[in-house]
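Heads up, the thing below is written out as C-alpha coordinates.
Since this is a predicted model, take the numbers as computed values, not measurements.
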Amino acid sequence: EDQVTQSPEALRLQEGESSSLNCSYTVSGLRGLFWYRQDPGKGPEFLFTLYSAGEEKEKERLKATLTKKESFLHITAPKPEDSATYLCAVQAEPVKRRQNFVFGPGTRLSVLP
Amino acid sequence: DSGVTQTPKHLITATGQRVTLRCSPRSGDLSVYWYQQSLDQGLQFLIQYYNGEERAKGNILERFSAQQFPDLHSELNLSSLELGDSALYFCASSLVENNSPLHFGNGTRLTVT
(Lines give C-alpha, C1' and ligand atoms only; values in the text may rest on other atoms or scores of the structure.)
Protein backbone atom coordinates (compact mmCIF):
# COMPACT_ATOMS: atom_id res chain seq x y z
CA GLU A 1 0.00 0.00 0.00
CA ASP A 2 1.26 3.47 -0.92
CA GLN A 3 2.10 5.57 2.15
CA VAL A 4 3.36 9.04 2.95
CA THR A 5 4.55 10.26 6.34
CA GLN A 6 5.72 13.74 7.24
CA SER A 7 7.81 15.06 10.09
CA PRO A 8 7.73 16.98 12.24
CA GLU A 9 3.99 17.26 12.81
CA ALA A 10 4.43 20.90 13.83
CA LEU A 11 7.38 23.29 13.71
CA ARG A 12 7.87 26.71 15.26
CA LEU A 13 10.64 28.89 13.90
CA GLN A 14 11.84 32.38 14.59
CA GLU A 15 11.87 34.66 11.57
CA GLY A 16 15.14 34.04 9.70
CA GLU A 17 15.74 30.61 11.30
CA SER A 18 16.20 28.12 8.44
CA SER A 19 14.98 24.53 8.72
CA SER A 20 13.79 21.47 6.76
CA LEU A 21 10.60 19.48 6.57
CA ASN A 22 10.71 15.77 5.79
CA CYS A 23 8.44 13.61 3.65
CA SER A 24 9.04 9.85 3.59
CA TYR A 25 7.19 7.64 1.15
CA THR A 26 6.65 4.12 -0.05
CA VAL A 27 4.95 3.84 -3.41
CA SER A 28 4.85 1.40 -6.28
CA GLY A 29 5.73 3.09 -9.53
CA LEU A 30 6.41 6.68 -8.47
CA ARG A 31 5.12 9.06 -11.10
CA GLY A 32 5.83 12.23 -9.15
CA LEU A 33 6.22 13.77 -5.71
CA PHE A 34 4.37 17.02 -5.04
CA TRP A 35 4.58 19.71 -2.39
CA TYR A 36 1.64 21.91 -1.47
CA ARG A 37 1.04 24.78 0.90
CA GLN A 38 -2.32 25.06 2.66
CA ASP A 39 -3.55 28.11 4.52
CA PRO A 40 -6.42 27.68 7.04
CA GLY A 41 -9.79 27.36 5.32
CA LYS A 42 -8.25 27.38 1.84
CA GLY A 43 -7.49 24.76 -0.75
CA PRO A 44 -3.93 23.41 -1.03
CA GLU A 45 -1.76 25.49 -3.32
CA PHE A 46 0.61 23.62 -5.62
CA LEU A 47 4.30 24.43 -5.08
CA PHE A 48 6.58 21.86 -6.74
CA THR A 49 6.73 18.59 -8.66
CA LEU A 50 9.76 16.32 -8.42
CA TYR A 51 10.02 13.32 -10.71
CA SER A 52 13.33 11.59 -10.07
CA ALA A 53 15.96 11.14 -7.35
CA GLY A 54 18.47 13.96 -7.31
CA GLU A 55 16.05 16.51 -8.69
CA GLU A 56 15.75 19.91 -6.97
CA LYS A 57 13.29 22.77 -7.41
CA GLU A 58 13.37 26.27 -5.90
CA LYS A 59 10.86 29.03 -5.38
CA GLU A 60 11.73 32.10 -3.35
CA ARG A 61 12.72 30.84 0.14
CA LEU A 62 11.68 27.24 -0.56
CA LYS A 63 13.77 24.44 -2.05
CA ALA A 64 12.55 20.89 -2.54
CA THR A 65 14.80 17.88 -3.02
CA LEU A 66 14.09 14.22 -3.74
CA THR A 67 15.81 10.93 -2.96
CA LYS A 68 14.57 7.39 -3.60
CA LYS A 69 12.80 7.23 -0.24
CA GLU A 70 12.19 10.80 0.90
CA SER A 71 11.88 14.42 0.02
CA PHE A 72 12.90 17.51 1.93
CA LEU A 73 11.44 20.99 1.82
CA HIS A 74 14.14 23.43 2.92
CA ILE A 75 13.00 26.84 4.11
CA THR A 76 15.71 29.48 4.12
CA ALA A 77 15.34 32.60 6.27
CA PRO A 78 11.57 32.15 6.68
CA LYS A 79 9.17 35.05 7.18
CA PRO A 80 5.88 35.06 9.12
CA GLU A 81 3.97 34.85 5.82
CA ASP A 82 5.50 31.39 5.27
CA SER A 83 3.36 30.10 8.15
CA ALA A 84 1.05 27.40 6.76
CA THR A 85 0.61 23.65 6.61
CA TYR A 86 2.91 22.03 4.06
CA LEU A 87 1.63 18.87 2.44
CA CYS A 88 3.57 16.25 0.55
CA ALA A 89 1.89 13.87 -1.91
CA VAL A 90 3.00 11.04 -4.17
CA GLN A 91 1.47 10.00 -7.44
CA ALA A 92 1.62 6.31 -8.23
CA GLU A 93 1.17 4.53 -11.52
CA PRO A 94 -2.56 4.83 -12.31
CA VAL A 95 -4.35 1.54 -11.78
CA LYS A 96 -8.10 1.38 -12.08
CA ARG A 97 -9.93 1.32 -8.75
CA ARG A 98 -6.79 2.31 -6.82
CA GLN A 99 -6.18 5.80 -5.50
CA ASN A 100 -3.09 7.06 -7.26
CA PHE A 101 -2.55 10.38 -5.48
CA VAL A 102 -1.69 9.92 -1.79
CA PHE A 103 -1.23 12.83 0.62
CA GLY A 104 0.75 12.92 3.83
CA PRO A 105 -0.72 14.40 7.02
CA GLY A 106 1.23 17.65 6.67
CA THR A 107 3.63 19.74 8.75
CA ARG A 108 2.15 22.79 10.44
CA LEU A 109 4.76 25.57 10.25
CA SER A 110 4.60 28.71 12.39
CA VAL A 111 7.14 31.47 11.84
CA LEU A 112 7.28 33.97 14.66
CA PRO A 113 8.34 37.60 14.06
CA ASP B 1 -6.25 31.48 -8.61
CA SER B 2 -6.01 27.74 -9.42
CA GLY B 3 -8.72 27.87 -12.08
CA VAL B 4 -10.86 25.30 -10.23
CA THR B 5 -14.25 26.67 -9.23
CA GLN B 6 -16.37 25.24 -6.45
CA THR B 7 -19.89 26.31 -5.55
CA PRO B 8 -21.34 27.12 -3.18
CA LYS B 9 -18.59 28.45 -0.88
CA HIS B 10 -20.67 27.86 2.24
CA LEU B 11 -23.63 25.63 2.92
CA ILE B 12 -25.60 25.33 6.15
CA THR B 13 -28.22 22.64 6.36
CA ALA B 14 -30.00 20.39 8.82
CA THR B 15 -29.48 16.74 9.65
CA GLY B 16 -31.24 14.36 7.30
CA GLN B 17 -31.11 16.76 4.35
CA ARG B 18 -29.44 16.30 0.96
CA VAL B 19 -27.03 18.73 -0.73
CA THR B 20 -25.13 18.94 -4.00
CA LEU B 21 -21.66 20.41 -4.31
CA ARG B 22 -20.45 21.50 -7.71
CA CYS B 23 -16.96 21.64 -9.23
CA SER B 24 -15.75 23.11 -12.49
CA PRO B 25 -12.23 21.89 -13.27
CA ARG B 26 -9.50 23.94 -14.89
CA SER B 27 -9.95 24.32 -18.62
CA GLY B 28 -8.60 21.21 -20.35
CA ASP B 29 -8.25 19.08 -17.21
CA LEU B 30 -9.80 15.63 -17.59
CA SER B 31 -9.46 14.26 -14.08
CA VAL B 32 -11.46 15.38 -11.04
CA TYR B 33 -10.86 14.37 -7.44
CA TRP B 34 -13.00 14.98 -4.34
CA TYR B 35 -11.58 15.25 -0.83
CA GLN B 36 -13.06 15.79 2.61
CA GLN B 37 -11.19 17.72 5.30
CA SER B 38 -12.61 17.87 8.81
CA LEU B 39 -11.41 20.45 11.33
CA ASP B 40 -7.64 20.17 11.83
CA GLN B 41 -7.58 16.85 9.97
CA GLY B 42 -5.79 15.73 6.84
CA LEU B 43 -7.26 15.36 3.38
CA GLN B 44 -9.45 12.27 3.06
CA PHE B 45 -9.78 11.02 -0.50
CA LEU B 46 -13.36 10.36 -1.54
CA ILE B 47 -13.52 9.62 -5.27
CA GLN B 48 -11.81 10.26 -8.61
CA TYR B 49 -13.17 10.59 -12.14
CA TYR B 50 -11.29 10.65 -15.41
CA ASN B 51 -13.04 11.87 -18.53
CA GLY B 52 -16.44 10.89 -17.16
CA GLU B 53 -15.41 7.48 -15.83
CA GLU B 54 -15.10 6.62 -12.15
CA ARG B 55 -11.48 5.61 -11.56
CA ALA B 56 -11.03 5.14 -7.82
CA LYS B 57 -12.99 5.29 -4.60
CA GLY B 58 -11.64 6.08 -1.18
CA ASN B 59 -13.42 6.37 2.13
CA ILE B 60 -16.67 7.51 0.60
CA LEU B 61 -19.83 6.72 2.52
CA GLU B 62 -22.75 5.00 0.76
CA ARG B 63 -24.81 8.13 1.50
CA PHE B 64 -22.44 10.06 -0.78
CA SER B 65 -22.31 9.82 -4.55
CA ALA B 66 -20.66 11.73 -7.35
CA GLN B 67 -20.51 11.99 -11.09
CA GLN B 68 -18.59 13.74 -13.83
CA PHE B 69 -20.60 15.10 -16.70
CA PRO B 70 -19.73 15.23 -20.44
CA ASP B 71 -18.60 18.87 -20.06
CA LEU B 72 -16.23 17.57 -17.33
CA HIS B 73 -17.78 19.40 -14.42
CA SER B 74 -18.49 17.24 -11.41
CA GLU B 75 -21.04 17.08 -8.64
CA LEU B 76 -20.82 15.49 -5.20
CA ASN B 77 -24.15 14.55 -3.66
CA LEU B 78 -24.40 14.11 0.10
CA SER B 79 -27.64 12.70 1.52
CA SER B 80 -29.11 11.84 4.92
CA LEU B 81 -26.66 14.31 6.37
CA GLU B 82 -25.28 13.83 9.86
CA LEU B 83 -23.50 16.25 12.19
CA GLY B 84 -20.23 14.46 11.48
CA ASP B 85 -20.45 15.32 7.80
CA SER B 86 -19.63 18.93 8.64
CA ALA B 87 -16.31 19.60 6.89
CA LEU B 88 -14.57 21.33 4.04
CA TYR B 89 -15.07 19.52 0.75
CA PHE B 90 -12.40 20.12 -1.87
CA CYS B 91 -12.41 19.40 -5.54
CA ALA B 92 -9.16 19.13 -7.44
CA SER B 93 -8.42 18.63 -11.11
CA SER B 94 -5.45 17.49 -13.16
CA LEU B 95 -4.70 17.40 -16.85
CA VAL B 96 -4.25 13.65 -16.98
CA GLU B 97 -3.79 10.85 -14.46
CA ASN B 98 -0.06 10.62 -14.84
CA ASN B 99 2.79 13.03 -14.14
CA SER B 100 0.59 16.03 -13.47
CA PRO B 101 -0.19 17.85 -10.22
CA LEU B 102 -3.63 18.34 -8.74
CA HIS B 103 -4.95 21.89 -8.63
CA PHE B 104 -7.44 22.56 -5.85
CA GLY B 105 -10.46 24.77 -5.56
CA ASN B 106 -11.09 26.73 -2.40
CA GLY B 107 -13.65 24.26 -1.18
CA THR B 108 -17.22 24.20 0.03
CA ARG B 109 -17.63 24.55 3.78
CA LEU B 110 -20.56 22.38 4.84
CA THR B 111 -22.14 22.88 8.23
CA VAL B 112 -24.80 20.40 9.34
CA THR B 113 -26.88 21.57 12.31
Side-chain angles (χ1 to χ4, degrees), chain A residues 1-7 9-10 23 25 27-52 55 57 59 64 66 71 84-110, chain B residues 1-7 9-10 21 23-26 29-51 53-60 87-111:
Chain A
E1 185 183 327
D2 304 326
Q3 275 196 319
V4 179
T5 58
Q6 291 187 247
S7 61
E9 188 176 316
C23 168
Y25 63 91
V27 63
S28 54
L30 181 70
R31 288 291 186 264
L33 184 138
F34 304 86
W35 283 98
Y36 290 82
R37 169 196 171 121
Q38 185 176 25
D39 293 300
K42 297 284 181 75
E45 175 192 346
F46 169 65
L47 294 173
F48 303 110
T49 308
L50 300 164
Y51 290 112
S52 56
E55 192 174 356
K57 292 271 179 74
K59 181 179 178 178
L66 181 64
S71 176
T85 295
Y86 290 85
L87 300 167
C88 168
V90 294
Q91 188 172 50
E93 180 181 354
V95 173
K96 195 167 182 181
R97 303 199 190 290
R98 193 187 91 185
Q99 176 189 355
N100 79 321
F101 213 99
V102 179
F103 278 87
T107 292
R108 200 166 53 253
L109 174 67
S110 301
Chain B
D1 181 7
S2 69
V4 178
T5 304
Q6 288 189 250
T7 57
K9 287 193 170 73
H10 301 277
L21 314 184
C23 170
S24 294
R26 291 190 325 161
D29 282 1
L30 297 175
S31 199
V32 168
Y33 297 70
W34 285 97
Y35 289 86
Q36 179 192 58
Q37 189 173 44
S38 302
L39 194 62
D40 292 333
Q41 299 294 309
L43 289 166
Q44 297 298 316
F45 170 69
L46 295 178
I47 197 163
Q48 180 212 347
Y49 285 86
Y50 180 76
N51 205 18
E53 179 188 345
E54 182 185 302
R55 295 289 288 170
K57 269 185 173 180
N59 300 321
I60 187 166
L88 266 169
Y89 290 84
F90 290 109
C91 167
S93 71
S94 66
L95 184 61
V96 290
E97 288 187 290
N98 226 353
N99 302 358
S100 60
L102 301 190
H103 295 273
F104 283 79
N106 272 327
T108 292
R109 182 175 293 282
L110 174 66
T111 303

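For a residue to count as touching a neighbouring chain, one of its non-hydrogen atoms must lie under 4.5 Å from one of that chain's; by this rule Leu87(A) touches chain B with the side chain only. The parts of Leu102(B) that come within reach of chain A are both its backbone and its side chain, each placing non-hydrogen atoms under 4.5 angstrom from that chain. When heavy atoms are compared at a cutoff of 4.5 Å, Tyr35(B) approaches chain A solely by way of its side chain, counted from C-beta outward. Interface residue Phe101(A): backbone and side-chain heavy atoms are both found under 4.5 Å from chain B. For Gln37(B), the part lying under 4.5 angstrom from a heavy atom of chain A is the side chain only. Neither the backbone nor the side chain of Gln6(B) comes within less than 4.5 Å of any heavy atom in chain A. Heavy-atom distances place no part of Glu45(A) under 4.5 Å from chain B, backbone and side chain included.
With a 6.0 Å radius and a threshold of 12 heavy atoms from other residues, nucleotides or ligands, Arg31(A) has its CZ atom above the threshold. Atom CG of Asn59(B) sits in a sparse spot, with 12 or fewer heavy atoms from other residues, nucleotides or ligands closer than 6.0 Å.
Interface summary for chain B: among Pro44(A), Gly32(A), Gly106(A), the most heavy-atom pairs under 4.5 angstrom belong to Pro44(A).
For Leu88(B) against Gly41(A), the heavy-atom pair with the smallest separation is CD1-CA, 4.0 Å. Across all their heavy atoms, Lys42(A) and Phe90(B) have their closest contact at O-CZ, 3.4 Å.
Between the OG atom of Ser94(B) and the CZ atom of Phe46(A) there is a distance of 11.5 Å, given to the nearest 0.5 Å. Between the CZ atom in Phe45(B) and the CG atom in Asn100(A) there is a gap of 8.0 Å [rounded to 0.5 Å]. Atom OH of residue Tyr36(A) and atom CG of residue Leu43(B) lie 10.0 Å apart, to the nearest 0.5 angstrom.
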